[in-house]
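Some notes on the structure that comes next.
Side chains included, hydrogens not; waters and symmetry mates left out as well; all remaining heavy atoms used.
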Amino acid sequence: DKDKEKELVVLCKYEQRHYDYNGAFYETLILDDPVNDDELTYLEDTSKRFFGCECSWREGKTEIAKYKTAKEIKYKLKKMGF
């Protein structure tokens, strides 16, 4: 956002192995500076944009995650105005 405080961005990767699908989930949690100095604010709408699955399903479907690295996420956040 446009304030002077920086956001905290946490990149997570979850390996999945199930009967119907397997691969990796990529999740990015974006947290804003504390409100009243007691807790970080989770930016849910912004964070949701970076969830992806690099997965394949038993019936043949595959999916490629769009944002997997810090570089890709930083680039998109800058385009979004962060």
Side-chain angles (χ1 to χ4, degrees):
D1 51 11
K2 303 297 182 194
D3 61 19
K4 66 178 179 168
E5 288 82 13
K6 293 185 176 187
E7 284 69 37
L8 172 65
V9 180
V10 180
L11 283 64
C12 303
K13 178 182 177 185
Y14 306 93
E15 292 292 335
Q16 303 290 310
R17 302 282 179 250
H18 298 280
Y19 175 73
D20 286 329
Y21 66 93
N22 66 64
F25 287 168
Y26 291 87
E27 184 174 11
T28 302
L29 307 171
I30 302 171
L31 304 145
D32 204 356
D33 58 307
V35 177
N36 300 326
D37 293 328
D38 57 353
E39 65 182 57
L40 297 170
T41 302
Y42 175 56
L43 301 177
E44 183 176 1
D45 291 338
T46 305
S47 297
K48 286 191 304 191
R49 295 172 156 231
F50 296 98
F51 180 82
C53 181
E54 187 98 1
C55 302
S56 56
W57 281 261
R58 187 166 49 108
E59 71 271 356
K61 176 185 168 190
T62 60
E63 188 174 323
I64 305 296
K66 192 170 184 179
Y67 305 103
K68 297 180 276 190
T69 66
K71 182 179 179 180
E72 294 165 338
I73 293 165
K74 283 179 186 180
Y75 178 78
K76 179 63 176 176
L77 284 170
K78 282 183 182 181
K79 287 184 77 173
M80 291 171 61
F82 281 88

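What you find for Leu77 and Thr46 is that their closest heavy atoms are CD2-CG2, 4.1 Å. The minimum heavy-atom distance between Lys68 and Leu11, with the atom names listed, is O-CD2, 4.4 Å. Residues Lys13 and Ala24 share a closest heavy-atom pair of CE-CB, 3.7 Å. Of all heavy-atom pairs between Cys53 and Trp57, the closest is SG-CH2, 4.3 Å.
Among residues two or more places apart in sequence or in another chain, the side chain to side chain donor-acceptor pair (under 3.5 Å) test is passed with Gln16 by His18.
By the rule that hydrophobic residues join a cluster once side-chain heavy atoms approach within less than 4.5 Å of another member, Leu29 and Leu8 end up as members of one cluster. Note: the hydrophobic cluster containing Tyr14 also contains Tyr21 (ILVMFWY, side chain heavy atoms under 4.5 Å, direct or indirect links). A continuous path of ILVMFWY side-chain contacts below 4.5 Å connects Tyr67 to Met80, so both sit in one hydrophobic cluster. Hydrophobic clustering of Ile, Leu, Val, Met, Phe, Trp and Tyr side chains at less than 4.5 Å, counting indirect connections, unites Val9 with Phe82.
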Would you check, one step at a time, whether the test side-chain contact (heavy atoms from CB on, under 4.5 Å) holds for Thr28 with Ser47? CA-CA 6 Å; Thr28 302; Ser47 297; 5.8 Å; no
Stepwise side-chain contact (heavy atoms from CB on, under 4.5 Å) check, Lys66 with Lys76: CA-CA 10 Å; Lys66 192 170 184 179; Lys76 179 63 176 176; 5.9 Å; no
Ile73 vs Ile30, side-chain contact (heavy atoms from CB on, under 4.5 Å): CA-CA, chis, key distance, verdict: CA-CA 11 Å; Ile73 293 165; Ile30 302 171; 5.5 Å; no
Verdict with reasoning, Glu72 to Phe50, per side-chain contact (heavy atoms from CB on, under 4.5 Å): CA-CA 10 Å; Glu72 294 165 338; Phe50 296 98; over 6 Å; no
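Atom-to-atom distance recorded for Arg49:CZ and Leu43:CG is 12.0 Å, nearest 0.5 angstrom. In this structure, OG1 in Thr69 is found 9.5 Å from NZ in Lys74, a value given to the nearest 0.5 Å.
Phe51 and Phe25 have their aromatic ring centers within a separation under 6.0 angstrom.
When atom types are taken as modelled, the side chain of Glu54 and the backbone of Ala65 share a donor-acceptor pair closer than 3.5 angstrom.
The local environment of OH in Tyr42 is crowded, with over 12 non-hydrogen atoms from other residues, nucleotides or ligands closer than 6.0 Å.
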